[in-house]
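Take a look at the structure below.
Chain A is the first sequence line, chain B the second, and so forth, proteins listed ahead of strands; every chain is numbered from 1.
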Amino acid sequence: MRYSQLLLPTLKENPAEAEVVSHRLLLRAGFIRKLTSGVYSYLPLGLAAIRKVEQIVREEMNRAGAQELLLPVVQPADLWKESGRWEKYGPELLRFKDRHNRESCLGPTHEEVITDLVRMNVHSYRSLPLNLYQIQTKFRDEIRPRFGLMRGREFIMKDGYSFDIDEDGANVTYRKMYDAYHRIFSRCGLSFRAVEADTGTIGGSFSHEFMVLAETGEDTLAICKSDDDKCGYAANLEKAAGAAPQPAEPEVEMLPLEKVETPGKRKVVAVTAFLDISPKQLVKTMVYLADGKPLAVLVRGDHEVQEVKLKNMLGAVDVELADDKQIFDATGVPSGYLGPVGIRIPVVADREIAVMRNFVVGGGEKNYHLLNANLGRDFEVEQIGDLREVTAGDHCPRCSGELEFTKGIEVGHIFKLGTAYSEALNATCLDGKGREKHFVMGCYGIGVSRTVAAAIEQNHDKDGIIFPMPITPFKVVVLNLSPDDKEITSAAEQVYNGLREQGIEVLLDDRDERPGIKFKDVDLIGIPYRVTVGKGFAKDGTVEVRERRHGRTETMPLAEAAAFLLERIDREMATLNG
RNA sequence: CGGGGCGUAGCGCAGCCUGGUUAGCGCGCCUGCCUUGGGAGCAGGAGGUCGGAGGUUCGAAUCCUCUCGCCCCGACCA
């Protein structure tokens, strides 16, 4: 490709709308342009990078035995009503009516459509396992789209769905996908980690997220840092559990409940300072609205409620923290003094509370707290479970190691769905004994456009993008520094053509621009290798080959450049494909 | 939806508080000269419903009301 013919509108300055680095660089490097909030046009280079990721995904999915197909974007409401998600999915599902007033939606995910397709066409266990995937534009009307391609409303996703006759088969398929995902992100040249995750709106029993490690990640990961990674426990903070709390030994005796005046002390820090105790000796009473109904949640003073865990325990669609007025309306107690003793709304407790003795709680009236409260003696709760967020210093649930935290970008998510969808849509086939069975399903997503953004988050410097070799739009750029000079131009063309003949994707910068502009532009767009044909060639017939990532530069005769690059590129690709 | 901020040329911004003739600056773009190994220089030029509607006023980018859009923090998620 010749730069002079390419739509590649680079920007010198950072667009005001872009905050995170991948967003800034994607805009500056002329890869994307925004149409409206969360909706982007992919320009030729942006699309080229996406196509690279798609191709790797395709190869690895096919290698793992999956088949590619393409499902409709527009989907009838009836199917979603059948699965129950027309009501459950919420406003993220973009709904509309067609000219006949039929309700429809834009597909945010395709469990319904694929399950319908399979139930209509697969009737025997002999056809299983079946693993189908597509690479397609998805639309989710996100509450808050942001960070360019990181969280768009319209984005490109690979979504795959598997169908097995039984749980064992589904586990084998899940494992295959787990391995395929490792290969995919390795081949993309990314540093990533698979973590245990919450299943979210997709539902199902078990899942892993694939996280690209980057500071700008929206997710927090808890990783066990036991020696040499032996344990390997890693989980999304939404899911991460600490080691189970141990009761004190010997058993601490319960002291008499005592009411104390704590005037104006509402926050944990204020109460504990006033009473001269540690936050670990206090239990806070948080009020949530679970699907609109008030509920008190007890956690230790130094802990925070993990809302996803709470939601899962309650089986609620939505939980949100109540405000002061809602707390007072529901309990008759002003916020800050609410406690579980004598409370008039249901209470659930974090499991830590069960092993605590003689703790401080709100007094149930303004300006009072209670000392020496104890679960079972002074109050009861409806449910006890793991409801808190793990914190630094918590120990791994599997081994004794400490947990540490890091930020990640979710680029892939795999789920064991079980029979949730096949039952809802009554999708069955016959097993070897002629019995009707619901398909045991799995689903497997990769954010293709997000993967490109994540790669940039992880690979850039002050001058621009530094593409990993497998997903770069061009592997080499040839700079013709003197388009007016016949000899230099013909030399640049020679390298360019030589590389093209070898099947290397190469960009020839043949623009009539000053050298500085060319250097800046090609640094910005992040092509791994640059060949400069300029005054060096005029002097002694040499060209300069420079590596984008480390800036290492070598000068060599023109004739050697193509072979040199070919060898380097092959070596790098081989390492990643390893 | 709650909280914060912003809409003036393709991009980045000033002007607005305190209303006053042809609305500015830098970059980019076009023409010419010149220059050619890290975003040069000179000269000339094109490009604007000041997000939109309504109002106040002799007069509105500027003041008021409404509205639309965008960005950031939270709930959502590939």
Base B/G28 to side chain A/Glu13, donor-acceptor N/O within 3.5 Å cut-off: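 Answer no: no donor N or O sits under 3.5 Å from an acceptor.
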So [X], base contact, sugar-phosphate only, or nothing? Heavy-atom distance under 4.0 Å.
X        : result
A/Gly90  : nothing
A/Lys311 : sugar-phosphate
A/Arg28  : base
A/Glu17  : sugar-phosphate
A/Asp523 : base
A/Glu544 : base
A/Thr532 : base
A/Phe147 : sugar-phosphate
A/Arg530 : base
A/Gly412 : sugar-phosphate
A/Gly152 : base
A/Lys34  : sugar-phosphate
A/Ile446 : sugar-phosphate
A/Asp521 : base

Within this structure, what is the [atom1]-to-[atom2] distance between [X] and [N], rounded to whole angstrom?
X        : N     : atom1 : atom2 : value
A/Arg144 : B/G5  : CZ    : P     : 15 Å
A/Ile143 : B/G74 : CD1   : C1'   : 9 Å
A/Lys462 : B/G39 : NZ    : P     : 12 Å
A/Arg151 : B/C71 : CZ    : P     : 14 Å
A/Glu513 : B/G28 : CD    : C1'   : 11 Å
A/Glu92  : B/C1  : CD    : C1'   : 15 Å
A/Leu310 : B/C76 : CG    : C1'   : 16 Å
A/Asp141 : B/A78 : CG    : P     : 16 Å

Note: [X]-[Y] ion pair, threshold 4.0 Å (strictly below):
X        : Y        : answer
A/Arg548 : A/Asp461 : yes
A/Glu389 : A/Lys309 : no
A/Asp179 : A/Arg175 : yes
A/Lys239 : A/Glu196 : no
A/Arg2   : A/Glu493 : yes
A/Lys284 : A/Glu304 : yes

Could you work out which one of B/C77, B/G39, B/A78 sits closest to the side chain of A/Phe155?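 Looking only at side-chain atoms, A/Phe155 lies closest to B/A78.
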Options B/C70, B/G37, B/C27, nucleotide nearest the side-chain atoms of A/Thr36: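 Nearest nucleotide to the side chain: B/C70.
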Does [X] put a side-chain nitrogen or oxygen below 4.0 Å from OP1 or OP2 of [N]?
X        : N     : value
A/Arg33  : B/G10 : no
A/Arg153 : B/C77 : no
A/Arg514 : B/A40 : yes
A/Lys520 : B/G38 : no
A/Ser37  : B/C71 : yes
A/Ser449 : B/A78 : no

Using the [atom1] atom as the reference point in each nucleotide, state the distance between [N] and [M] in Å, no decimals.
N     : M     : atom1 : answer
B/A75 : B/C1  : C1'   : 9 Å
B/G69 : B/C29 : P     : 33 Å
B/A9  : B/G47 : P     : 15 Å
B/G39 : B/U35 : C1'   : 15 Å
B/U22 : B/U65 : C1'   : 31 Å
B/G52 : B/A61 : C1'   : 14 Å
B/A78 : B/C30 : C1'   : 44 Å
B/C73 : B/U31 : C1'   : 49 Å

Do A/Gln134 and A/Ile114 come close enough that some side-chain heavy atom pair is under 4.5 Å?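 No; the side chains remain at least 4.5 Å from each other.
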Counting Watson-Crick and G-U wobble pairs only, both distances under 3.5 Å, name the nucleotide matched with [N], or none.
N     : answer
B/A78 : none
B/C11 : B/G26
B/G2  : B/C73
B/G38 : none
B/G20 : B/C58

Enclosure of A/Gln55 CD (heavy-atom neighbours >12, cutoff 6.0 Å):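 Atom CD in A/Gln55 is crowded, with more than 12 foreign heavy atoms closer than 6.0 Å.
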Under 6.0 Å from the NZ atom of A/Lys267, do we count more than 12 heavy atoms belonging to anything else shown?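 Not buried by this count: 12 neighbours or fewer within 6.0 Å.
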Could you tell me whether the side-chain ring of A/Phe519 sits stacked on the base of B/G37, using a centroid cut-off under 5.5 Å and a plane angle under 30°?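 It does not: the ring fails the test against the base of B/G37.
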Which residue lies more 5' along RNA chain B, comparing A/Val308 with A/Pro515 via nearest heavy atoms: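 Looking at RNA chain B, the more 5' nearest nucleotide goes with A/Pro515.
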For A/Glu142 and for A/Glu19, locate the closest nucleotide of RNA chain B by heavy-atom distance; then report the residue assigned to the nucleotide nearer the 5' terminus.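 That would be A/Glu19.
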Quick check: A/Phe210 with A/Tyr178 (ring centres under 6.0 Å apart)?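 Yes, the ring of A/Tyr178 comes within the 6.0 Å limit of the ring of A/Phe210, centre to centre.
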